[in-house]
Amino acid sequence: MHLETRRLILREYTLDDWPAVNAYTSDPRVVQYMSFGPTTPDQTREHLHGSIAAAAEQPRCRYELAVVLRGEQRLIGTATLDVDRRERRHAYFSYLLHSQYWGQGYATEAMRTLIDFGFTQLHLNRVADTCDTRNRASARVMEKLGMRREGHLRETIWKAGRWYDEYLYAILAHEWVLPIPEAQ
Ligand SMILES: CC(C)(COP(=O)(O)OP(=O)(O)OC[C@H]1O[C@@H](n2cnc3c(N)ncnc32)[C@H](O)[C@@H]1OP(=O)(O)O)[C@@H](O)C(=O)NCCC(=O)NCCS
């Protein structure tokens, strides 16, 4: 699978991508609000094996894609859509980027295209995500995508000896506005 935006390519992973992926998944700042990491090289290689195997499953449920800068062909992050296995009508997504590339609209641009793929190609009815309530950047990305905050989930994350809350964001197919390429 291959998706393109104005500045980015979203493509399948290969095992050779592990050093570029580990460069951000091993960074404590990047994984601060994630349920994994910081990773070791072995963990990243194992994860990529799983991601590549999941991409070959039929029907496919996991679309975990490398986010690559078009100009430099540099891998800067991950964008994932996880379709529910039974009905195949709703999905959760997630995203993370190398910290060097934060604050330039890349996450919003990548997710706008991946969500659009979910609604138009996979015929999803609903796309959702949760984020730690402290993760202001992630909440902002979801607001910029036009998602609605549907809930405040109390004490759903146990990390480093204490509980944290999450926000739940979602958008429905009939609410989705097709992206204008120049505005991405
Ligand atoms: C979340 C993440 C992917 C965002 O990537 P990004 O490319 O920087 O996102 P964008 O540039 O598209 O948008 C970020 C928005 O958050 C805002 N923002 C960033 N940090 C913020 C903060 N501390 N408080 C409030 N807003 C913040 C930015 O100003 C921007 O909004 P704006 O366009 O209105 O100015 C990136 O920070 C990341 O990889 N974080 C670590 C992994 C992670 O938390 N993933 C999400 C898990 S739910």
Do the non-hydrogen side-chain atoms of Thr133 and Tyr167 ever get within less than 4.5 Å of each other? yes
Scanning both residues in full, the closest heavy-atom pair of Pro38 with Ser26 reads CB-O, 3.4 Å
Is it the case that one hydrophobic cluster holds both Leu172 and Met147, taking links as side-chain heavy atoms less than 4.5 Å apart, direct or via other members? no
Per the ring-ring contact (aromatic ring centres under 6.0 Å, His included) rule, what does the pair list look like for residues 22-43, sequence neighbours excluded? none
Separation of Leu10 CG from Thr78 OG1 (nearest 0.5 Å): 10.0 Å
Evaluation steps, side chain to side chain contact (heavy atoms under 4.5 Å, CB included), between Val83 and Leu122: CA-CA 9 Å; Val83 180; Leu122 304 179; 3.9 Å; yes
Spacing of OG1 belonging to Thr5 relative to CG belonging to Leu114, to within rounding of 0.5 Å: 11.5 Å
Does anything in residues 168-177 pair up under salt bridge (Lys or Arg N to Asp or Glu O under 4.0 Å), and if so which pairs, sequence neighbours excluded? Arg148-Glu175
Common cluster, Ile157/Leu96, ILVMFWY with side-chain heavy-atom separation under 4.5 Å: no
What pairs of donor and acceptor atoms, side-chain ones from residues 14-23 against any protein atom, are under 3.5 angstrom apart with sequence neighbours left out?
from, atom 1, to, atom 2, distance (Å)
Thr14, OG1, Asp16, N, 3.4
Asp17, OD1, Arg11, NH2, 3.0
Asp17, OD2, Arg11, NH1, 2.9
Asp17, OD2, Thr14, N, 2.9
Asn22, OD1, Thr39, OG1, 2.8
Asn22, OD1, Thr44, OG1, 2.5

Give a yes or no on this: more than 12 heavy atoms of other residues, nucleotides or ligands lie within 6.0 Å of atom CZ of Arg74. no
Side chains of Glu12 and Met1: does their closest heavy-atom pair fall under 4.5 Å? yes
Atom OG1 of Thr80 and atom CZ of Phe93: how far apart are they, to the nearest 0.5 Å? 10.5 Å
Stepwise side chain to side chain contact (heavy atoms under 4.5 Å, CB included) test for Trp102 and Leu97: CA-CA 7 Å; Trp102 289 359; Leu97 293 184; 3.8 Å; yes
What one should report as the nearest heavy-atom pair of Ser99 and Asp27 is OG-OD2, 3.6 Å
Test applied, side-chain contact (heavy atoms from CB on, under 4.5 Å); reference residue, Cys131; option that passes from Arg140, Glu166, Met142: Met142
Mind checking whether Leu48 and Met34 sit in one hydrophobic cluster, side chains of I, L, V, M, F, W, Y counted as touching below 4.5 Å? yes
Within the 4.5 Å heavy-atom criterion, are Asp165 and His152 side-chain neighbours or not? yes
Any side-chain heavy-atom pair of Val141 and Tyr95 under 4.5 Å: yes
I need the full list of ring-ring contact (aromatic ring centres under 6.0 Å, His included) pairs touching residues 114-144, with sequence neighbours left out, sorted by first then second residue. Tyr63-Phe117, Phe119-Trp176
Same apolar cluster (I L V M F W Y, side chains within < 4.5 Å links), Val31/Tyr164: no
Check: Leu145 and Val127 side chains under 4.5 Å, non-hydrogen atoms: no
I'd like to check the salt bridge (charged side-chain N to carboxylate O under 4.0 Å, His left out) partners of Glu64; sequence neighbours left out, ordered by chain and number. Arg62
Check: Arg126 and Ile171 side chains under 4.5 Å, non-hydrogen atoms: no
Which atom of Gln100 lies closest to which atom of Gln104, heavy atoms considered: O-NE2, 3.6 Å
For the CG atom of Asp132 and the OG atom of Ser138, what is their distance to the nearest 0.5 Å? 9.0 Å
What's in the same ILVMFWY side-chain cluster as Tyr92, cut-off under 4.5 Å, chained through other members? Leu153, Leu168
CD/Glu87: more than 12 non-hydrogen atoms of other groups inside 6.0 Å: no
Distance-only, no hydrogens or angles: does the Glu109 side chain make a donor-acceptor pair with backbone N or O of Arg7 under 3.5 Å? yes
Which heavy atom of Cys61 sits nearest a heavy atom of Arg88, and at what distance? SG-NH1, 3.3 Å
Under 3.5 Å, side chain of Gln121 to main-chain N/O of Gly118, donor-acceptor pair present? no
Roughly how far apart are Glu57 CD and Arg60 CZ, rounded to 0.5 Å? 9.5 Å
Using a 4.5 Å cut-off on heavy atoms from C-beta on, say whether the side chain of Leu81 contacts that of Leu124. yes
CZ (Arg112) and CG (Leu3) are apart, to the nearest 0.5 Å, by 14.5 Å
Within one Ile-Leu-Val-Met-Phe-Trp-Tyr cluster: Val30 and Leu69, side-chain cutoff 4.5 Å: yes
Locate the shortest heavy-atom distance separating Glu155 from Trp163; write the atom from each residue and the value. O-CE3, 3.3 Å
Can you find a pair of side-chain heavy atoms, one from Tyr106 and one from Val67, that are under 4.5 Å apart? no
